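Heads up, the thing below is written out as structure tokens.
One-based numbering, in listed order, for ligands and for the atoms of each. What you are looking at is a predicted structure, and each value in this text was computed from that prediction instead of being measured.
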Amino acid sequence: MKTLSLPSRLPLLEGPTPLQPLERLSRHLGGPRLFIKRDDLGGLGAGGNKLRKLEFHLARALAQGCDTVLIDGGLQSNASRLLAAAAARLGLRCELVLRKRVPRTDEAYEHNGNVLLDRLLGAKVHVVPGEVDSRALLNELAARARGEGHVPYVLPFGASDALGAMGYVECAREVLEQSLAAGLHVDRLVVACGSGGTQAGLVAGLTALGSAARVTGISVLAPARDIGPRVRVIAEEALALLAPGSALRADAVEVDEAFVGPGYGLPTREMTEAVALVARTEGLFLDPVYTGKAFAGLLARIADGGIGRDETVVFVHTGGLPGLFAYVSAFEE
Ligand SMILES: Cc1ncc(COP(=O)(O)O)c(C=O)c1O
């Protein structure tokens with residue numbers, strides 16, 4: 001396989017994550033041949049996709065002499081929890097601006113899941129109403145830290161830019177290497193799409209490595225007309241770093257917006273059914289905000305023929321397990 005030259009990286013994962021067959025589920029569905037890339041298993045902070053992005057961002061932050069990291073997100077943000085965990089391991093100060101953007105106010109949502117873990121990890125947490133401009137507040141907090149003699153590093157939303165996407169270039173390379181070693185030909189990867197950097201990295205990585213595997217992003221946040229072009233921009237910028245002069249295929253970015261439901265972070269029946277199905281057939285946990293909706297999209301597209309029963313499909317499990325404990329009531333309904 002081609003070797004790619006990536007920016008410097010600070011290892012947070014412990015080697016490649018497993019690529020596992022979903023045999024019982026594939027049989028239950030009557031195809032396709034399903035595999036799961038276990039990016040929910042990380043060595044740090046309960047794991048998840050943001051660790052791969054943070055490997056590149058934190059390498060740059062440390063090279064700049066940073067001692068304080070800051071990010072914004074929703075109240076139950078997984079990215080924030082993983083930044084807090086990485087900061088704890090590296091001995092950095094960490095400030096989180098968590099916006100109450102999801103209309104859920106029950107005890108579990110407000111205090112359990114990622115919120116509990118952020119506090120345990122020692123992050124300084126600023127919870128703000130949904131209408132607050134969290135980016136402006138982050139920049140203010142960074143300026144305040146600078147004024148106190150610290151060196152702050154503000155991460156982009158979702159750590160989703162070309163540098164963060166390098167983490168998923170690396171994931172694409174792992175999937176190709178693992179499938180080659182197992183004698184598999186992967187036709188398609190399916191992944192949750194929030195801020196877009198994960199999908200963008202996969203697309204850029206597969207393109208740079210010369211793979212024809214498709215990537216289907218299932219949006220959990222924005223309409224395809226908004227997030228599709230964003231994914232494309234990040235993928236193009238990442239590709240320009242990896243393989244200057246090469247171009248994305250016109251159809252390289254595919255976003256399915258049909259599974260967002262009533263909104264970001266709001267449960268759907270398809271999501272709860274997908275979470276239960278994967279738990280009961282494979283003993284694996286998806287999350288209610290990202291992977292549950294993405295898997296619901298995968299199941300629906302298999303059912304309607306959009307994904308062929310003769311395909312070999314890899315679902316990229318991007319983590320989010322702590323979110324389950326914030327959504328107790330969604331699974332009682
Ligand atoms: C568990 C989980 N899966 C998927 C995503 C989506 O990744 P991206 O924001 O890169 O699209 C996120 C992002 O917050 C996440 O926390």
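Considering backbone and side-chain atoms together, Asn49 places an N or O closer than 3.5 Å to an N or O of ligand 1. Note: no N/O pair closer than 3.5 Å links Asp287 and ligand 1 by distance alone.
Comparing Gly323, Gly167, Gly164, Gly194 against atom 11 (O) of ligand 1, the shortest heavy-atom distance belongs to Gly194.
Residue contacts with ligand 1 for Gln199 are absent, since no atom lies close enough (heavy atoms, distance under 4.0 Å).
Geometrically, Arg60 does not engage Tyr153 in a cation-pi contact, judged by NZ or CZ lying under 6.0 Å from the ring centre and within 45° of the ring axis. No cation-pi contact links Arg135 to Phe157, judged by a cut-off of 6.0 Å to the six-membered ring centre and 45° from its axis.
Under a hydrophobic clustering in which Ile, Leu, Val, Met, Phe, Trp and Tyr are joined whenever their side-chain heavy atoms come within less than 4.5 Å, directly or via other members, Leu51 and Leu41 fall into different clusters.
Annotation: atom 3 (N) of ligand 1 to nearest protein heavy atom, Thr318 OG1, 2.6 Å.
Atoms of ligand 1 lying under 4.0 Å from any heavy atom of Cys193, numbered from 1 in the order shown and given with element: 11 (O). Taking every non-hydrogen atom of Gly196 and a distance limit under 4.0 Å, the qualifying atoms of ligand 1 come out as 8 (P), 9 (O), 10 (O), 11 (O). The contact set between ligand 1 and Gly320, taken as ligand atoms under 4.0 Å from a residue heavy atom, comprises 1 (C). Within ligand 1, the atoms closer than 4.0 Å to a non-hydrogen atom of Lys50 are 7 (O), 8 (P), 9 (O), 10 (O), 12 (C), 13 (C), 14 (O), numbered from 1 in the order shown.
Using 4.0 Å as the threshold, Ala79 has no heavy atom nearer than that to any atom of ligand 1.
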